[in-house]
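What you see is a predicted model, and the numbers here were worked out from it, not measured in a lab. Just the heavy atoms: all of them, side chains too, but no hydrogens, waters or symmetry mates, feed the values below. Atoms within each ligand, like the ligands themselves, are counted from 1 in listed order. The residues of the chain are indexed from 1 along the displayed sequence.
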Amino acid sequence: MKKYDIIVIGGGSGGLTAASGAAQFGAKTALIEKQNSLGGDCLHYGCVPSKALIAAASELHDTHVSAKKHGLVIDGKPDWQKVRSQIQKAVDTIQEHDSTERFQKLGVDVIYAEASFEDAHRLRLSNGQVIKGKRIVIATGSRPIIPEIENVNLVDVITNESVFYMEKLPENIVMVGGGAIGLEMAQALSRVGASVTVVDNAPDLLLQEDEDISVRASREFKKEVTIHLKSTVKKLERHDDGVFAVIEGEVNKKVKTDALFLAVGRNPNIDLLKLDNAGVERNEKAAISVNERMQTSVPHIYAVGDVNGKFPFTHGAGEEAKVVIANAVFGLKMKMDYSNLPWAFYTQPEIFHLGQTEKEVIEQSGKDYEVIKADNPDRMIAEQDEVSFVKVIIDRKGFILGAHGIGKNASDWMQTLVYMKTKGHKIKDISEVVHPYPARTEIVKQLADQYWNKKLFKSRLTGFTKTYIKYLR
Ligand SMILES: Cc1cc2nc3c(=O)[nH]c(=O)nc-3n(C[C@H](O)[C@H](O)[C@H](O)COP(=O)(O)OP(=O)(O)OC[C@H]3O[C@@H](n4cnc5c(N)ncnc54)[C@H](O)[C@@H]3O)c2cc1C
Ligand SMILES: NC(=O)c1ccc[n+]([C@@H]2O[C@H](COP(=O)([O-])OP(=O)(O)OC[C@H]3O[C@@H](n4cnc5c(N)ncnc54)[C@H](O)[C@@H]3O)[C@@H](O)[C@H]2O)c1
């Protein structure tokens with residue numbers, strides 16, 4: 001039986017970081033992946049193909065909008081096969097970075113097989129092998145939840161696993177779920193030529209965002225996509241003129257559809273692992289329970305990424321894997337800190353989120369905080385962008401508690417605030433940094449200037465300077 005210092009199950013965002021880090025620090029490492037290539041959801045069914053589709057969709061949308069503005073009429077629909085090849089090209093290029101050979105060169109034993117626990121140290125692989133690990137990292141990701149919908153098979157059922165590889169773009173799509181996947185994909189698919197209706201059972205979109213952002217975002221999305229809230233799709237019905245999705249809830253109607261896109265959340269991939277053989281516990285959401293050191297209920301078994309359900313983003317999985325390397329390879333007691341991890345949704349406008357929302361601040365710290373908001377700096381005005389907006393919530397001393405932004409490329413220009421929060425800077429510090437006029441990041445500086453000016457002109461210093469100027473000869 002082969003023995004390893006570390007065995008990593010799952011070759012996606014979390015597993016690749018854990019395996020490459022462990023091997024480079026000298027641990028004898030095996031990486032087990034059940035598909036026939038590395039990269040996981042992010043590369044094959046998530047971040048990469050979705051951003052490639054969004055890029056194609058945005059180019060098409062912007063072309064249409066500017067042509068119309070200048071009196072040019074563009075007719076016809078985009079060629080889905082061409083859009084698809086742009087997506088495939090992006091995946092193939094990044095796949096080279098995640099190649100088997102690259103990880104082998106780093107010293108990782110890459111094994112393509114499905115893994116399950118024989119006991120707390122031994123794994124049985126679908127190729128018949130049994131291997132033993134001193135430490136084991138579970139990084140098996142998640143998959144889409146499939147809700148019960150009567151007669152669902154009357155149309156094509158799409159999830160994030162099939163959408164990027166569809167032969168044909170359906171004419172009418174009903175999207176069940178208007179969360180991160182639902183909104184990014186609904187807008188992109190409608191921009192490449194489908195007619196999309198989003199149905200979500202929540203009272204509002206983007207409930208996890210600060211209200212100032214979600215209100216603005218909802219307003220923008222509703223301009224492009226039909227959205228029905230507090231409702232769900234109960235069943236499909238075949239009529240003479242096609243198949244209809246029966247929507248029930250606050251909205252009760254039937255919408256003609258050729259495909260149902262299911263995006264109602266994720267289930268952790270634990271079913272194949274036989275966790276009970278190792279004694280690894282799950283929480284009420286069926287995700288693997290972990291402590292701050294990313295240890296499961298069995299201390300030498302760790303879990304990172306979507307499978308623990310804590311922060312289901314690629315960079316979250318990567319950060320958790322770094323904590324595991326420190327603890328499992330070096331025997332440290334490092335804790336995972338989520339407070340400086342941002343996320344962004346790549347809709348147009350983009351949505352950016354860091355730290356607490358104003359509602360969360362009130363719930364946790366009462367009224368002892370300040371809000372600064374900024375919109376409409378010169379660059380946005382020049383580009384007729386009326387949406388871009390930033391809101392920062394600070395404590396009494398000026399330290400950032402939360403930062404929320406919306407606008408074109410917000411994921412880029414809001415990043416300054418992540419640096420500041422992570423490094424413990426006060427909001428005024430950015431006033432001292434020169435930004436080239438009129439860069440988009442100026443909106444962040446404008447916000448800091450606003451705060452600083454208010455502090456300055458309210459202070460006793462202003463009284464002194466007034467007196468000084470009065471007597472100045
Ligand atoms: C449409 C979409 C868009 C997204 N966009 C973004 C984005 O823009 N930015 C962002 O940060 N996040 C994004 N995400 C989220 C991101 O993809 C995930 O958070 C990330 O992939 C999680 O990484 P992971 O390592 O936990 O799991 P994965 O990357 O899914 O890797 C898990 C791997 O484990 C393998 N596996 C499972 N079970 C076994 C087993 N028993 N034996 C062996 N191997 C097994 C799987 O085959 C898979 O390769 C997106 C997700 C989706 C669905
Ligand atoms: N840009 C990014 O980083 C990005 C993009 C896409 C996905 N992701 C990740 O993927 C995860 C999963 O995304 P998701 O969109 O599947 O989940 P989600 O939790 O973001 O959204 C699910 C939505 O479905 C709705 N819903 C649930 N059950 C329903 C039902 N029966 N009928 C109608 N609506 C229902 C919910 O109200 C919610 O709005 C996200 O949490 C995020 O971490 C990230």
Check each N or O atom of ligand 2 against all protein N or O atoms and list the pairs under 3.5 Å, with atom names and distances to 0.1 Å, one per line.
residue  : atom   : partner : partner atom : Å
ligand 2 : 1 (N)  : E184    : OE2          : 2.8
ligand 2 : 1 (N)  : A344    : O            : 2.8
ligand 2 : 3 (O)  : A344    : O            : 3.4
ligand 2 : 15 (O) : A180    : N            : 3.3
ligand 2 : 15 (O) : I181    : N            : 2.9
ligand 2 : 16 (O) : G265    : N            : 3.1
ligand 2 : 20 (O) : A180    : N            : 3.1
ligand 2 : 32 (N) : T232    : OG1          : 2.7
ligand 2 : 34 (N) : N201    : N            : 3.2
ligand 2 : 37 (O) : D200    : OD1          : 2.6
ligand 2 : 37 (O) : N201    : OD1          : 3.4
ligand 2 : 39 (O) : D200    : OD1          : 3.4
ligand 2 : 39 (O) : D200    : OD2          : 2.6
ligand 2 : 43 (O) : P312    : O            : 2.6

(request) Decide yes or no on salt bridge (charged side-chain N to carboxylate O under 4.0 Å, His left out) for K408 and D62, but give the supporting numbers first. (result) CA-CA 12 Å; K408 189 175 173 186; D62 293 348; 5.5 Å; no
(request) Indicate yes or no for a side-chain donor-acceptor contact from R440 to the backbone of W413 under 3.5 Å, with no hydrogens or angles considered. (result) no
(message) Could you check whether S289 and E281, counting side-chain N and O atoms only, form a donor-acceptor pair closer than 3.5 Å?
(response) no
(request) Tell me, with the steps shown, if E250 and H228 meet side chain to side chain donor-acceptor pair (under 3.5 Å). (result) CA-CA 8 Å; E250 192 171 80; H228 300 309; over 6 Å; no
(message) Check this for me: K421, atom NZ, are more than 12 non-hydrogen atoms of other residues, nucleotides or ligands nearer than 6.0 Å?
(response) yes
(message) Looking at E148, I'd like to know if its CD atom is crowded, meaning that more than 12 non-hydrogen atoms belonging to other residues, nucleotides or ligands lie closer than 6.0 Å.
(response) no
Can I get a per-line list of side-chain donor-acceptor pairs under 3.5 Å for residues 14-31, giving both atom names and the distance, sequence neighbours left out?
residue : atom : partner : partner atom : Å
T17     : OG1  : S13     : O            : 3.0
S20     : OG   : L16     : O            : 2.8
S20     : OG   : T17     : O            : 3.4
Q24     : NE2  : S20     : O            : 3.2
K28     : NZ   : K3      : O            : 3.2
T29     : OG1  : A23     : N            : 3.4
T29     : OG1  : A27     : O            : 2.9

(request) Evaluate side chain to side chain donor-acceptor pair (under 3.5 Å) for N151 paired with K235, printing each intermediate quantity in order. (result) CA-CA 6 Å; N151 295 330; K235 58 182 172 182; over 6 Å; no
Between ligand 1 and the protein, give all atom pairs where both partners are nitrogen or oxygen and the distance is under 3.5 Å, as lines of names plus distance to 0.1 Å.
residue  : atom   : partner : partner atom : Å
ligand 1 : 5 (N)  : K51     : NZ           : 3.2
ligand 1 : 8 (O)  : K51     : NZ           : 2.8
ligand 1 : 11 (O) : T314    : N            : 2.9
ligand 1 : 11 (O) : H315    : ND1          : 3.3
ligand 1 : 12 (N) : T314    : N            : 3.4
ligand 1 : 19 (O) : D306    : OD1          : 2.8
ligand 1 : 19 (O) : P312    : O            : 3.2
ligand 1 : 19 (O) : F313    : N            : 3.3
ligand 1 : 21 (O) : C42     : N            : 3.4
ligand 1 : 25 (O) : S13     : N            : 3.2
ligand 1 : 25 (O) : G14     : N            : 2.8
ligand 1 : 26 (O) : D306    : N            : 2.8
ligand 1 : 29 (O) : S13     : N            : 3.4
ligand 1 : 29 (O) : D41     : N            : 3.2
ligand 1 : 30 (O) : D41     : N            : 3.3
ligand 1 : 41 (N) : A115    : O            : 3.2
ligand 1 : 42 (N) : A115    : N            : 3.0
ligand 1 : 44 (N) : K34     : N            : 3.2
ligand 1 : 47 (O) : E33     : OE2          : 2.6
ligand 1 : 49 (O) : E33     : OE1          : 2.6
ligand 1 : 49 (O) : E33     : OE2          : 3.1

(request) Mind checking side-chain contact (heavy atoms from CB on, under 4.5 Å) for T100 and listing every partner two or more places apart, or none if nothing turns up? (result) Q104, V110, Y112
